[in-house]
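As the structure lists them, so they are numbered: ligands from 1, and atoms in each ligand from 1. For reference, positions follow the sequence shown, starting with 1.
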Amino acid sequence: MIKRVLPYMRKYRINAFLSPVAMVLEVLADIGVPFLMSRIVDVGIKTRDIDYVVRTAVLMIVVALLGMLMGILSSFMGAKAGYGFAAELRQAAYRKIQTYSFANIDEMSVPSLITRLTTDCNLVGQVTMMTLRMAVRAPSMMVFALIMAANLNAELAKIFVVAIPLVFTLFAVIFRKVHPMFRKIQEKIDGINAITREDLAGIRVIKSFNRQDYEAARFDERNADLMDSTIRAVMWIILLFPIMNLIVYSVIISALWFGGHQIVAGTMLSGELMAFTTYIGQIMMSLMMVSMYIMMATRGRASLARIIEVLDVNSEIIESEDPLKSVADGSVSFFDVCFRYPGYRDDILKDINLAIRSGECIGIIGSTGSSKSTLVQMIPRLYDVSHGEVLVGGKNVKEYDIQTLRDEVAVVLQKNTLVTGTIRSNMKWGDENASDKEIIRALKQAQAWEFVSGYEDGLEHRVEQGGGNFSGGQRQRLTIARALIKKPKILILDDSTSAVDMATDAKLRKTFSEELDGITTIIVAQRIASIEDSDRIIVMERGAVESVGTHEELLGKSAIYREIYESQKGGIAQ
Ligand SMILES: Nc1ncnc2c1ncn2[C@@H]1O[C@H](COP(=O)(O)OP(=O)(O)O)[C@@H](O)[C@H]1O
Ligand SMILES: [Mg+2]
């Protein structure tokens with residue numbers, strides 16, 4: 001796992017190397033100070049050698065200051081390496097997500113991706129920093145302090161033979177208890193994130209259905225659950241501290257007891273005992289640090305695994321080795337196309353065979369859930385077919401360079417939105433270099449200029465997140481304009497005029513037939529009126545093509561089409 005992510009540390013490798021080095025130097029200083037202190041007591045004070053005391057004290061201060069400096073350097077470089085590494089990982093994961101196919105996104109789910117990019121990356125940064133510092137500090141401190149303690153008094157150092165295994169056992173017991181708890185907590189945080197996202201994104205719907213109380217209760221429940229689990233886990237950790245203190249003080253008392261006897265017997269000096277007790281504190285602190293580190297590291301490991309999952313997704317959509325860079329014409333064919341959404345068992349598209357000529361105007365109609373949206377998403381290769389082939393311009397869509405294909409096949413998705421910015425910045429999504437003249441032309445074609453020209457700031461008019469400051473129909477017309485700016489060979493509108501009034505819808509169609517000559521247009525619609533003048537109409541039913549023909553032909557041969565027609569005609573006549 002480490003090997004997989006090590007390259008992301010490259011940029012910070014100097015920091016990552018120097019931070020532990022500085023840490024070891026700090027530890028050496030921390031170990032040296034008590035030793036020098038014991039020399040002051042045992043040699044300087046005992047022999048009343050003021051000169052020795054002053055010299056040693058100055059040396060001690062210098063060592064302590066150097067240690068402090070090293071500590072600061074180590075923290076600084078450790079933080080830089082840890083959080084820098086996390087930032088690199090986050091960026092890599094973000095880039096990777098941009099290459100995801102729709103199928104990949106369905107599979108990973110957006111809330112989970114957000115948690116991975118935020119919480120998980122942060123935790124990995126924190127643990128990396130701890131690894132560079134604590135994971136170096138604690139063991140080296142322990143080893144050095146043990147050596148010093150054994151050197152001072154091997155007899156007395158036997159205390160550790162009892163104390164260290166005792167502490168390790170205590171940690172092992174608590175760790176086994178707490179570790180699974182932390183795993184659960186992480187999952188619960190994921191759950192809360194998911195529900196928070198869903199509820200806040202849909203806050204308007206929740207309010208309009210008056211479901212606040214229900215949703216708040218649902219949230220409360222999970223929130224309380226998370227709190228309970230966290231408290232339970234933290235209780236165990238808190239328990240560590242008093243027990244640990246008990247052990248530390250017991251060890252110090254026994255050291256004083258046995259050491260005191262040795263001093264009386266003359267086999268130990270009092271300064272030595274002083275230093276010895278300091279080493280006890282350092283060794284015990286290190287043990288504590290190791291256990292804390294292990295606890296954090298296991299959480300960090302889980303987070304790292306979740307980030308690697310993001311990085312390791314194989315984008316469904318694989319570009320061919322030598323991709324085609326141009327699309328010959330706007331023809332579209334389906335050969336025996338079957339499709340199912342990843343992770344589902346049923347075919348959503350069943351044996352679709354279609355041949356659409358370049359420049360043709362095609363209408364698609366059918367009940368909701370009849371797979372109209374799924375069908376059209378195959379053309380710009382937003383999903384890859386499970387079986388069969390989709391051809392655009394006579395070539396399999398898999399042979400094209402993705403960008404070329406999507407530039408030539410413009411789709412206005414049913415769930416389309418605008419992004420924060422201005423109308424102009426949104427339009428430039430279609431073509432970065434579009435001039436205002438071109439933008440206005442597209443807005444006129446999409447029947448959007450009539451309201452955009454009414455704004456005082458025109459193209460500079462602000463677009464809020466998701467285009468929330470426009471009506472449904474206005475938003476639809478803006479997204480159509482955005483697609484038109486691409487000057488595609490194939491234009492697909494998936495239910496993109498559902499919120500537009502009849503008169504505007506009619507104007508749109510008129511413009512399309514007059515101005516978009518030569519462009520293949522595929523219009524998915526609910527209203528017969530929106531598609532009845534199409535060259536041909538495809539009737540979809542439960543994932544299959546029920547029939548194909550002109551309005552008149554279908555009225556004759558398609559029962560479903562007739563039914564839709566009758567229901568809508570009746571609706572208007574009333
Ligand atoms: N992202 C998805 N993941 C899984 N199933 C989906 C997804 N999108 C659509 N479906 C399913 O595919 C079927 C067809 O949906 P869709 O193509 O949107 O129909 P239409 O556009 O005709 O209303 C529906 O049964 C729907 O539940
Ligand atoms: Mg649809």
Side-chain angles (χ1 to χ4, degrees), residues 97 99-114 194 197-198 201-202 313-317 332 334 337-354 356 362-388 390 397 409-417 472-473 475-476 479-480 483 490-500 505 521-531 534 536-548 554 558-561 563-565 567-568:
I97 293 170
T99 71
Y100 276 17
S101 69
F102 279 31
N104 295 142
I105 296 168
D106 288 346
E107 225 164 338
M108 293 294 262
S109 100
V110 173
S112 165
L113 287 173
I114 293 176
R197 207 192 106 87
E198 186 181 78
V313 163
N314 282 324
S315 179
E316 290 272 302
I317 308 289
V332 177
F334 282 68
V337 169
C338 295
F339 175 75
R340 65 177 58 171
Y341 283 98
Y344 288 80
R345 281 213 315 260
D346 295 325
D347 273 350
I348 294 295
L349 290 177
K350 295 163 202 150
D351 285 322
I352 307 280
N353 282 289
L354 286 172
I356 298 170
I362 297 287
I364 300 181
I365 202 160
S367 54
T368 46
S370 58
S371 305
K372 305 180 297 293
S373 298
T374 309
L375 178 80
V376 295
Q377 288 181 44
M378 300 292 135
I379 303 171
R381 212 184 160 197
L382 295 174
Y383 286 98
D384 265 342
V385 297
S386 313
H387 177 260
V390 176
V397 286
V409 182
V411 218
V412 178
L413 293 170
Q414 193 168 9
K415 292 183 203 151
N416 226 335
T417 57
R475 204 159 46 229
Q476 285 184 335
T479 52
I480 293 174
I490 300 170
L491 175 69
I492 302 172
L493 305 183
D494 186 0
D495 221 0
S496 310
T497 58
S498 56
V500 173
D505 193 15
T521 44
I522 300 177
I523 300 174
V524 177
Q526 302 286 342
R527 291 195 290 247
I528 296 250
S530 308
I531 52 157
S534 310
R536 281 187 303 161
I537 298 164
I538 298 168
V539 182
M540 293 289 296
E541 176 67 4
R542 281 198 225 109
V545 174
E546 195 257 355
S547 47
V548 182
L554 288 176
S558 167
I560 294 173
Y561 191 79
E563 196 183 307
I564 301 173
Y565 178 73
S567 70
Q568 295 187 356

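Taking the six-membered ring wherever Trp is involved, the centroid distance between the rings of Phe339 and Tyr341 falls below 6.0 Å.
The minimum heavy-atom distance between Ile365 and Gln526, with the atom names listed, is CD1-O, 3.8 Å. Met108 and Val313 make their closest contact through CE-CG2, 4.1 Å (heavy atoms, listed as atom of the first residue, atom of the second, distance). Between Cys338 and Asp347, the shortest heavy-atom distance links the atoms CB-OD2, 4.1 Å.
Put simply, no part of Gly366 is less than 4.0 Å from ligand 1, judged by heavy atoms.
In this structure, Ile364 CD1 and Leu375 CG are separated by 5.0 Å, a value rounded to the nearest 0.5 Å. Once rounded to the nearest 0.5 Å, the distance linking OG of Ser558 with CD1 of Ile537 reads 10.0 Å. Rounding to the nearest 0.5 Å places CZ of Arg536 at 10.5 Å from CG of Leu554. A distance of 9.5 Å separates CG of Leu382 from OG of Ser101, quoted to the nearest 0.5 Å.
Taking distance alone, with nitrogen or oxygen atoms compared against 3.5 Å, Ile348 stays at or beyond that limit from ligand 1. Checking only distances, Tyr341 does come within under 3.5 Å of ligand 1, N or O to N or O.
At distances below 3.5 Å, at least one donor-acceptor pair connects side-chain atoms of Ser386 with backbone N or O atoms of Arg340.
Those atoms of ligand 1 that come under 4.0 Å of a heavy atom in Tyr383, given as number and element, are 1 (N). Interface atoms of ligand 1 facing Thr368, defined by a heavy-atom separation under 4.0 Å, are 23 (O). Close contacts of ligand 1 with Ser370, meaning ligand atoms under 4.0 Å from a residue heavy atom, involve 19 (O), 22 (O). Which parts of ligand 1 touch Ser371 is read off a 4.0 Å heavy-atom cut-off, strictly below it: atoms 14 (C), 16 (P), 17 (O), 19 (O), 20 (P), 22 (O). With ligand atoms numbered from 1 in the order given, ligand 1 contributes 14 (C), 15 (O), 16 (P), 17 (O) to contacts under 4.0 Å with heavy atoms of Thr374.
From the protein, the heavy atom lying nearest to atom 18 (O) of ligand 1 is Ser373 CB, 3.6 Å. Protein heavy atom nearest atom 23 (O) of ligand 1, with residue, atom name and distance: Gly369 N, 2.7 Å.
The Mg ion (ligand 2) has Ser373 among its coordinating residues (N/O/S atom, backbone or side chain, under 2.8 Å). Distances from the Mg ion (ligand 2) show that Thr368 has no N/O/S atom below 2.8 Å.
For atom 9 (C) of ligand 1, the nearest protein heavy atom is under 4.0 Å away. Per-atom contact check: atom 20 (P) of ligand 1 touches the protein, criterion being a heavy-atom distance below 4.0 Å.
Only the side chain of Tyr344 comes within contact range of ligand 1, with a heavy atom under 4.0 Å; no backbone atom does.
The residue from Ile365, Asp106, Ile105, Val524 that puts a heavy atom closest to atom 1 (N) of ligand 1 is Asp106.
A donor-acceptor contact under 3.5 angstrom links the side chains of Tyr383 and Asp106, judged on distance only.
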